[in-house]
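Right, one structure below, let's go through it.
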Amino acid sequence: WTLLPRCVTSIGYFKSSRLSFSRFQQGIAFTMAKSYSSFLKDTAYVGGQWVSAASGETFQVTNPASGEVLGSVPDMNAGDATKAIRTAYDAFQSWKETTAKERSLLLRRWYELMVESKESLAELLTVENGKPVTESLGEVNYAATFLEWFAEEARRTYGDTIPAPVKSKRIVVIHQPVGVAAMITPWNFPYAMVTRKAGAALAAGCTVVLKPSEETPLTTLAMVELAHRAGIPAGVFNIVTCSRKHVEQVGKAMCTDPLVAKISFTGSTAVGKTLLKWGADTVKKASMELGGHAPFVVFDSADVDAAVHGAMMSKFRYMGQTCVCANRFLVQEGIHDAFCTKLAAAMEEQLKVGDGLDKGNTQGPLINTRAVEKVESQISDAVSKGASVMTGGKRHALGGTFFQPTLLTGVTTDMLCTQQETFGPVAPVIKFKTEEEAVTIANSANVGLAGYFYSNNMSQIWRVAERMEVGMVGVNEGMVSMVEAPFGGVKESGIGVEGSKYGIHEYLNVKYICFGGI
């Protein structure tokens, strides 16, 4: 009973502990329907209309915490995607002519509607991807800020005048929208990835065709409903949903269609490489936010308590299922034991596993069984090679895809958990001796999205921050994402950036105009 969502128990639905489990399920469905039912959609969105797949096929969306079917959405194919692209291309002809102020006001209204509906959106996110509801509310607020930000940036895509080398000429540089942007978004931040990408594109004057993850289409469709209410014109923002059965053909259609000018993708490095290959024949502009394998380094000079606090935020947000979460902990030998002891204690005290709708829980389920199997495989590999499980290490007693937050010590660089992105609640700790050793290990990955380190040595701070081969560095800080800062990686972690003043330029072409005969 302690695991029951508070929204259920607070209305007095349960009048005795003898209620049947079936009635318990009905109670959840009844109360949750009150909150987000107006956002539940069973159709995709193309040309300002709610539409089904041409084939009539659908696929189910389930709650990872309970396995409950939340609904069904269209299982679209390449033909549906091509139709949506044509619709977006036609809409671009008029959308690109709107003023920056007009686009700004529409995005601002979308932002306001999102804030007004934040509680309902948060609960929908929790039941669809398992994120604890407090974190879900945080994502809704975070996602909304991108709409607010790009509503403002729409009016700041300034050009340039450049001194000409001869008196009779004038040089002017302007920015113009690239055209139709094809977007593929992930399941771990389905609200934020929509607003960070589509917000920038719409602000720039582009139109969008977006395919959400098959794990979380309902949250994306809820965002479209708000965009529709905000008055975004028909054809400007289009959503194509599909299951794994059709994901390859839909993705290929989006990346190869000559009417698409821009590809934006957040997901694995392997898939990103495939999309880039598909887009190469038509030389499409591309933004890729790909895999991470973030090092989290703690030097002897660090404040251990602050480092533990940062580790908890960085590693266990959304059960470790984020691309920027700490994946490899490197702790200098002088404070190694103290750090591990304090981190284990913090994990035991602060992390509570259970259904995300209960606000007392901080760790929900992993997204699916494949995620659980990957975590188990990495732990098993590490233990077989000499690592020790300090806490956790197994599937949770709740069953399903719930997993115990895990701390591994005695970890070495030949173990899978130090070579592959985990995407789960596992903290592997490597002991190191020197700064040079730590930087070498941190930079050994073929990806470089985010990196973190804790130190109170100012010279060391400058050296390590500059030497870390990542796109984002947290110095004495475990969370670096914010709308004002550029989000992106180096090496095989991607191309381009999102958010910040730079994000909108990913959707703009630079045009040079030369005036002669003056």
When rounded to the nearest 0.5 angstrom, what distance separates CE in Met183 from NZ in Lys211?
-> 14.0 Å

Answer yes if the side chains of His293 and Asn327 hold a donor-acceptor pair under 3.5 Å, and no otherwise.
-> yes

Asp75 side chain vs Ser243 backbone, donor-acceptor pair below 3.5 Å | yes

Test item: Asp80 side-chain N/O and Asn77 main-chain N/O as donor-acceptor pair under 3.5 Å = yes

Are Pro428 and Met415 close enough that some pair of their side-chain heavy atoms sits under 4.5 Å apart?
-> no

Between Glu116 and Arg109, is there a salt bridge with N-O shorter than 4.0 Å?
-> yes

Going through the checks in order, is the side chain to side chain donor-acceptor pair (under 3.5 Å) test met by Thr422 and Gln378?
-> CA-CA 8 Å; Thr422 303; Gln378 289 195 359; 2.6 Å; yes

Reference residue Lys342; test salt bridge (Lys or Arg N to Asp or Glu O under 4.0 Å); the match among Asp303, Asp337, Asp305 = Asp305

Residue of the set Val304, Val298, Leu407 for which side-chain contact (heavy atoms from CB on, under 4.5 Å) holds with Leu343 = Leu407

Can you tell me how far CZ of Phe59 sits from OG of Ser72, rounded to the nearest 0.5 angstrom?
-> 8.5 Å

From CA spacing to verdict: side chain to side chain contact (heavy atoms under 4.5 Å, CB included), Leu218, Leu40 = CA-CA 6 Å; Leu218 298 178; Leu40 287 177; 4.1 Å; yes

Kindly say whether the aromatic ring centers of Phe423 and Tyr318 come within a distance under 6.0 Å.
-> no

Could you give the distance from OG1 (Thr413) to CD1 (Ile430), rounded to the nearest 0.5 Å?
-> 6.5 Å

How long is the gap from CD on Glu421 to OG on Ser268, to the nearest 0.5 Å?
-> 9.0 Å

Are Phe296 and Tyr454 close enough that their ring centres sit under 6.0 Å apart?
-> yes

Please tabulate, for the side chains in residues 472-487, all donor-acceptor contacts under 3.5 angstrom to protein atoms that are two or more places apart in sequence or on a different chain.
from: Asn476; atom 1: OD1; to: Ser455; atom 2: N; distance (Å): 3.0
from: Asn476; atom 1: ND2; to: Ser455; atom 2: O; distance (Å): 3.0
from: Glu477; atom 1: OE2; to: Met479; atom 2: N; distance (Å): 3.0

Heavy-atom distance under 4.5 Å between the side chains of Val127 and Tyr36, does that happen here?
-> yes

Smallest separation among heavy atoms of Ala81 and Met254, with atom names = CB-CG, 4.5 Å

pair Val411-Cys417: side-chain heavy atoms closer than 4.5 Å = yes

Nearest-0.5 Å distance, CZ of residue Phe39 to CD of residue Glu123 = 11.5 Å

Is the closest basic N to carboxylate O distance between Glu498 and Lys197 below 4.0 Å?
-> yes

Nearest heavy-atom approach of Val236 to Leu202 is CG1-CD2, 3.4 Å

Do the non-hydrogen side-chain atoms of Asn361 and Val353 ever get within less than 4.5 Å of each other?
-> no

With a cut-off of 6.0 Å (strictly less than), are more than 12 heavy atoms of other residues, nucleotides or ligands near NZ of Lys385?
-> yes

Please check if the side chain of Trp50 supplies one atom and the backbone of Asp42 the other of a donor-acceptor pair under 3.5 Å.
-> no

Distance-only polar pair, side chains of Thr219 and Glu128, donor-acceptor under 3.5 Å = yes

Looking at Phe339, does the NZ or CZ of Lys431 lie under 6.0 angstrom from its six-membered ring centre and within 45 degrees of the ring axis?
-> no

Got Pro295 and Ile441 here, is their nearest side-chain heavy-atom distance under 4.5 Å?
-> no

Would you check if the side chain of Thr406 reaches a backbone N or O of Gly393 as a donor-acceptor pair within less than 3.5 Å?
-> yes

Can any side-chain N or O of Lys374 pair as donor or acceptor with the backbone N or O of Gly424 at less than 3.5 Å?
-> no

Any donor-acceptor N/O pair, Lys315 side chain to Ala326 backbone, under 3.5 Å = yes

Under 4.5 Å between any side-chain heavy atoms of Pro186 and Glu215, yes or no?
-> no

Provide the closest heavy-atom pair for Glu139 versus Ala192 in the form atom of the first, atom of the second, distance.
-> OE2-N, 3.2 Å

What closest approach, in Å, do Val240 and Pro212 show between heavy atoms, and which atom pair accounts for it?
-> O-CD, 3.3 Å

List the atom of Leu121, the atom of Val140, and the distance in Å for their closest heavy-atom pair.
-> CB-CG2, 3.9 Å

Between Gln332 and Phe432, the two heavy atoms sitting closest are N-CE2, 3.1 Å

Can you check whether Gly291's main-chain N or O pairs, donor with acceptor, with Thr269's side chain at less than 3.5 Å?
-> yes

Going by heavy atoms in the side chains, are Arg317 and Cys325 under 4.5 Å from each other?
-> no

Is it true that a side-chain atom of Arg196 and a backbone atom of Phe146 form a donor plus acceptor pair closer than 3.5 Å?
-> no

Kindly say whether Leu449 contributes a backbone atom to a donor-acceptor pair with the side chain of Ser493 at under 3.5 angstrom?
-> yes

Do the side chains of Thr195 and Met223 get nearer than 4.5 Å, heavy atoms only?
-> yes

Should the heavy atoms of other residues, nucleotides or ligands under 6.0 Å from CD of Glu248 be counted, would the total exceed 12?
-> no

Answer yes or no: is there a donor N or O on one side and an acceptor on the other, between the side chain of Asn129 and the main chain of Trp187, under 3.5 Å?
-> yes

Count the heavy atoms of every other residue, nucleotide or ligand shown that sit under 6.0 Å from OH of Tyr142, and state whether that count exceeds 12.
-> yes

May I ask you to say whether Glu376 pairs ionically with Arg395, meaning some side-chain N is under 4.0 Å from a carboxylate O?
-> yes

Just how far is it from atom CG of Asn368 to atom CD of Glu214, taken to the nearest 0.5 Å?
-> 9.0 Å

Judged by modelled atom types alone, do Glu506 and Ser264 share a side-chain donor-acceptor pair under 3.5 Å?
-> no

